[in-house]
Amino acid sequence: MSAAILSLAEAIERYVADGASVALEGFTHLIPFAAGHEIIRQRKRELHLIRMTPDLVYDQMIGMGCARKLTFSWGGNPGVGSLHRLRDAVEHGWPRPLELDEHSHAGMAAAFCAGAAQLPFGMLRGYIGTDLPAHNPNIRRVECPFTGEMLAAVPAINPDVTILHAQRADRAGNVAIDGIVGAAREAALAAKTLVVTVEELVDALPPAMNGIVLPHWVVGAVVPCRGGAYPSYAHGHYARDNAFYQRWDAIARERGSFLAWMEEHVLGTRDHHAFLARLQQEAA
Amino acid sequence: MSAAILSLAEAIERYVADGASVALEGFTHLIPFAAGHEIIRQRKRELHLIRMTPDLVYDQMIGMGCARKLTFSWGGNPGVGSLHRLRDAVEHGWPRPLELDEHSHAGMAAAFCAGAAQLPFGMLRGYIGTDLPAHNPNIRRVECPFTGEMLAAVPAINPDVTILHAQRADRAGNVAIDGIVGAAREAALAAKTLVVTVEELVDALPPAMNGIVLPHWVVGAVVPCRGGAYPSYAHGHYARDNAFYQRWDAIARERGSFLAWMEEHVLGTRDHHAFLARLQQEAA
Amino acid sequence: MSACTRDEWMTVAAARLLRDRSVCFVGIGLPSAACNLARLTHAPEIVLIYESGTIGTRPQVLPLSIGDGELAETAACVVPLPEVFSYYLQAGRIDVGFLGAAQIDRHGNLNSTVIGPYGAPKTRLPGAGGAPEIALHARQVFVMARATKRSFVERLDFRTSAGYLDGHGARARLGAAGGGPRAVITDFGMLAPHPQSEELQLVALFADASVEEARAAVGWPLGVADRIDTIAAPTALELDTLRALNARTREAHARPVRIPL
Amino acid sequence: MSACTRDEWMTVAAARLLRDRSVCFVGIGLPSAACNLARLTHAPEIVLIYESGTIGTRPQVLPLSIGDGELAETAACVVPLPEVFSYYLQAGRIDVGFLGAAQIDRHGNLNSTVIGPYGAPKTRLPGAGGAPEIALHARQVFVMARATKRSFVERLDFRTSAGYLDGHGARARLGAAGGGPRAVITDFGMLAPHPQSEELQLVALFADASVEEARAAVGWPLGVADRIDTIAAPTALELDTLRALNARTREAHARPVRIPL
């Protein structure tokens, strides 16, 4: 019932099976980069990746051939431009074709909420006048039994495993999140198993009252992992490395430069600590 | 756009019209007693009262003849027993008959959420095997367009006015709530107009981050009103007067003792300050 | 322990049913006392949720209402009520739900709505509250109710929440996710559903109660299990802990509250 | 102000459209600059909401992403993203939504999904994000996009979000609650929908732009309003404020970030 405290390698090995549906959530803030890199290191395959904003970490997993399908609502490099590896997969099937399950933010948020509530579908007043439903059979309509109005419906998202990054957990596995949370909490509660990497493991969480806490008995595993959101950020711990996001555009633009970078920095490092040390070395 | 800062008498006069649908929310905590008393003083009539847990304040309004209809999910004196005035209205039509729109907590919560989201209905997996739908045409069913499962549906609740009590507001009308919140936030966002009585008006709210804030542009009016939740409580300000809740059982049991108490304490006092002063006088 | 009351015995019996680390959706009254007694004795890591939104709360005294400040102050976190019902209860995260009722029938269906016809009630009761969905979604439900022929009835005046409906698998066929009322703790002992018929039958008696007492208190012909367990009297530790809890509670609730003038 | 760029002029023109106290749903890029310029000049009480859940935020520098820490630190509160979309946007609480796009057609419909066929794209774009529901629910939408014949097109490759659909009231008939794209701010001036046909037509030009320039940049035969306003050049205050904001932003984003080892 209580959360296990594991190393990242153990957690990914235990909970991310080939073919699983996996949501690494966190909206710009608290993106679980370390977990994504470990998935790449362990060469997981055929994953159904789920995430509102794929961001660099999904660009990396897609480019390294981990994914067969992507459920998403906005796939860019925020403030910079394209995710070149995502584009290459969709436009040219490299390194393998990628099936898309594409939504709007509002639709995907409704799907995560339904998942968290264990309802079979979510609804919204949305998708009117757009071509998305024509290309996604997962966007349907439902009639209000009181007014007759037709609303948009999306199936609940219930990932096999959701992975978050958070600022802290206590030793029982209670997890506390401060700051921008996106749909992370709903993705967490929607998951069959929840894994959370954290900046620090503490004896007792600060008093939360109305703050965001995931209680230990909904958490499958807690993984201590300093800097686990870098180059995204952890409010109160370190800032977003906007320059890295800008650099990524050049790294990922070509297959060769992408592969070389991943080989050296992710496959070539033992863990996230070694990854960060390599970057620091380069910066020095 | 910004919230007006009004006296309680002004706010009730301006926003609570005879015949209006009115939700005074707050779950045990932060029940807007002062506002309920002012509605009684102003002899509002034909109200459609909405509240998950009617509590003493609705017992008082119903007993004083303010209400024609009640939407609710649990109508007792918490930890004590019956609401005798609510019972008298339902069992004997005194002082006038009361139409009931009766739900479960889960159903009413879904209806408030739908109201806040401006969806026409809320849904839940609920009401299975109960007699409530047989007596309430507002409990219907909706079919999942993906799985075919039938779920319960309830129409959105959108009160003409929702009244809350909160710990503090700033001068722009931003309202901050700490502690147990129940469905107060959803009831607030579902309302056509929102009125909030507050313990204190401050120059600047403490930093909220992920706390509960109602931004000024969703607030119609802020009413400074110290002790406005008494005999309910305001976390960080004063405790619930459990003894009063117990005393109420005897006061409200008979029509005569109820009317005498209300005459003396509510109709016989100019405002909430005078009401509290009268009680303090009696306690001395 | 001679002076132990039946309410105390019921509370202790209910507490003993609770396993450490289980997640309980707690109501006010005897269930609240039972859950906190369990927490203060054999189940220190039990997780208590009150429908007011307090998750993992550890009150020093029992709340009078479901939303006392004590619950918020000692909680791991406080969430809006809609989330308690959708993200926790409906999502299937509750191991044990407690319910009481004015009436219970032989299949554990409960009435807390009305005595007499709904449209012209003899006695209007508080109503459903969280009960219908607790009854539906909790992995198991424990009912706590003192038994009389007026409360343990042949036929409910109103079915507020589902037990086993008409029995024989009717509940499961309707798609209810939770396991239903696995135990009814009452003031002579305990009833539990028969595995096939799902009719409540006597499975355990307090050490000083009898089958005759049980039959006399129940308004339907009460079936009796092949084996009737004896529920041991409260231990000194249980009784001391419960009484200390109740004493703290009485003292706290009697403390005069400053009128916020 | 001779050296003012067209991007600056667009930003200033958009900022001027924003009234004080209006509630704006802000996207990254030029809209974010325009909203914050308005806040720092004539609209100090404007309410800025970013879809990351930051409500009433007052950033000192422009965010690079929609969820920069700066937005959370200066917000009145931070709410989960599902609430931004349901309790704020869908609930009709947004006065102004900003959208950009890779393609726009004559009725203000937008494409940010794909160039070429959806199943075999020539260029895969980032996709919808918040756009479909911003387009639907905001009381008015302002579009900011530089014009070329490849972006202001006769026919969209994909309709990501609804403008006026085929015009002549089609949008309203479909039940869209918001008012649609009331203004398209582009690098020669501004387009707005014709009251009947709802076709975008030229209503204003930057002081140094011409109708010919506008027509050359638009991929459909551009209609022209009876009266074409001139958008005055940025004032010194506007330009100084915007440039200072951009300079602060560049400096902040260039500051090296400590690797969290």
Side-chain angles (χ1 to χ4, degrees), chain A residues 27-29 52-53 72-76 78-80 82-83 86-87 90-91 102-107 109-110 112-113 124-132 135 149 179-183 185-186 199 226-227 230-231 233-235 237-245 273 276-277 279-280 283, chain D residues 28-29 51-54 63-69 71-73 78-82 84-86 89-90 109 113 118-133 135-137 156 158-163 165 170-171 174-177 253-261:
Chain A
F27 199 83
T28 310
H29 182 213
M52 297 188 70
T53 55
F72 78 115
S73 45
W74 191 84
V80 178
S82 289
L83 292 176
L86 168 57
R87 281 187 56 180
V90 175
E91 294 170 13
E102 184 166 4
H103 294 269
S104 69
H105 280 352
F112 271 136
C113 288
L124 65 154
R125 196 178 273 125
Y127 289 119
I128 296 175
T130 85
D131 289 340
L132 281 165
H135 295 278
E149 182 183 350
I180 289 172
V181 67
R185 208 177 45 133
E186 284 71 20
E199 287 297 318
R226 266 206 71 183
Y230 176 89
Y233 73 107
H235 205 117
H237 290 256
Y238 47 91
R240 187 171 189 269
D241 194 346
N242 285 322
F244 185 90
Y245 275 80
H273 183 84
L276 294 176
L279 287 182
Q280 192 172 57
Chain D
I28 288 304
E51 66 193 14
S52 55
T54 54
L64 182 73
S65 83
I66 202 100
D68 278 18
L71 296 174
E73 273 154 21
V78 179
V79 303
L81 181 140
V84 177
F85 280 91
S86 60
L89 180 62
Q90 179 176 270
N109 304 298
T113 301
Y118 184 82
K122 188 167 159 291
T123 306
R124 175 64 223 199
L125 304 167
E133 284 74 24
L136 220 49
H137 297 299
L156 300 180
F158 189 98
R159 191 164 67 202
T160 308
S161 54
L165 303 171
R171 175 191 169 89
L174 225 62
H253 291 171
R255 215 172 286 149
V257 164
R258 183 182 56 80
I259 288 172
L261 250 181

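Every chain is numbered from 1 and lettered A, B, ... according to where its sequence line falls, protein lines coming before strand lines. Every heavy atom of this structure was used, including side-chain atoms; hydrogens, water molecules and symmetry mates were not. Source: prediction; values computed, not measured.
- With respect to chain D, the highest number of heavy-atom pairs below 4.5 Å among A/Ala243, A/Ser104, A/Gly126 belongs to A/Ser104.
- When atom types are taken as modelled, the side chain of A/Arg240 and the backbone of D/Gly69 share no donor-acceptor pair closer than 3.5 angstrom.
- For D/Thr54, the part lying under 4.5 angstrom from a heavy atom of chain A is the side chain only.
- Between A/Val90 and D/Pro121 the shortest side-chain heavy-atom distance falls below 4.5 Å.
- Listed options A/Ala277, A/Gly107, A/Cys113, A/Gly179 were ranked by heavy-atom pairs under 4.5 angstrom with chain D; first place goes to A/Ala277.
- Listed options A/Ala110, A/Ala183, A/Gly129 were ranked by heavy-atom pairs under 4.5 angstrom with chain D; first place goes to A/Gly129.
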Decide yes or no on side-chain contact (heavy atoms from CB on, under 4.5 Å) for D/Phe158 and A/Thr130, but give the supporting numbers first.
CA-CA 8 Å; D/Phe158 189 98; A/Thr130 85; 5.9 Å; no
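- Listed here is the closest heavy atom pair of A/Tyr238 and D/Pro260: CD2-CB, 3.4 Å.
- Listed options D/Ala135, D/Pro80, D/Gly175, D/Gly53 were ranked by heavy-atom pairs under 4.5 angstrom with chain A; first place goes to D/Pro80.
- At a 4.5 Å heavy-atom cutoff, the contact between D/Leu136 and chain A is made by side-chain atoms alone.
- Between A/Phe72 and D/Pro126, the closest heavy-atom pair is CE1-O, 3.7 Å.
- With sequence neighbours excluded, the residues that form a side chain to side chain donor-acceptor pair (under 3.5 Å) with A/His235 are D/Glu73.
- When the candidates D/Arg258, D/His253, D/Arg159 are compared by the number of heavy-atom contacts under 4.5 Å with chain A, D/Arg159 comes out ahead.
- Taking both residues in full, the closest heavy atoms of A/Arg125 and D/His137 are given as O-NE2, 2.7 Å, listed atom of the first, atom of the second, then distance.
- Looking at A/Gln280, the atoms closer than 4.5 Å to chain D (heavy atoms on both sides) sit in the backbone and in the side chain alike.
- Of all heavy-atom pairs between A/Tyr127 and D/Glu133, the closest is N-OE2, 3.0 Å.
- In terms of heavy-atom pairs under 4.5 angstrom with chain D, the leader among A/His29, A/Glu186, A/Arg185, A/His103 is A/Glu186.
- Taking all atoms of both residues into account, the shortest heavy-atom contact from A/Ala239 to D/Val257 is O-CG1, 3.6 Å.
- The contact between A/Tyr233 and chain D is made entirely by side chain atoms (from C-beta outward), counting heavy-atom distances below 4.5 Å.
- In terms of heavy-atom pairs under 4.5 Å with chain A, the best-connected choice from D/Asp68, D/Leu165, D/Leu174 is D/Asp68.
- Both the backbone and the side chain of D/Leu261 have a heavy atom closer than 4.5 Å to some heavy atom of chain A.
- Annotation for A/Ala109 and D/Pro82: closest pair CB-CA, 3.9 Å, computed over non-hydrogen atoms.
- Of the listed residues (D/Ser86, D/Ala176, D/Ala254, D/Gly130), the one with the most heavy-atom contacts under 4.5 Å to chain A is D/Gly130.
- By the side-chain contact (heavy atoms from CB on, under 4.5 Å) test, A/Arg87 is found to be paired with A/Ser82, A/Glu91, D/Thr123, D/Arg124, residues two or more places apart in sequence or in another chain being considered.
- Contact of D/Asn109 with chain A is not made at all, since no heavy-atom distance falls under 4.5 Å.
- Between the CG atom in A/Asp131 and the OG1 atom in D/Thr113 there is a gap of 8.0 Å [rounded to 0.5 Å].
- Expressed to the nearest 0.5 Å, how far CD1 of A/Ile180 lies from CG of D/Leu81 amounts to 10.0 Å.
- Comparing A/Leu279, A/Leu276, A/Leu83 by heavy-atom pairs within less than 4.5 Å of chain D, the highest count is held by A/Leu276.
- Among the candidates A/Glu102, A/His237, A/His273, the residue making the largest number of heavy-atom pairs closer than 4.5 Å to chain D is A/Glu102.
- Using a 4.5 Å cut-off between heavy atoms, D/Leu64 contacts chain A through both its backbone and its side chain.
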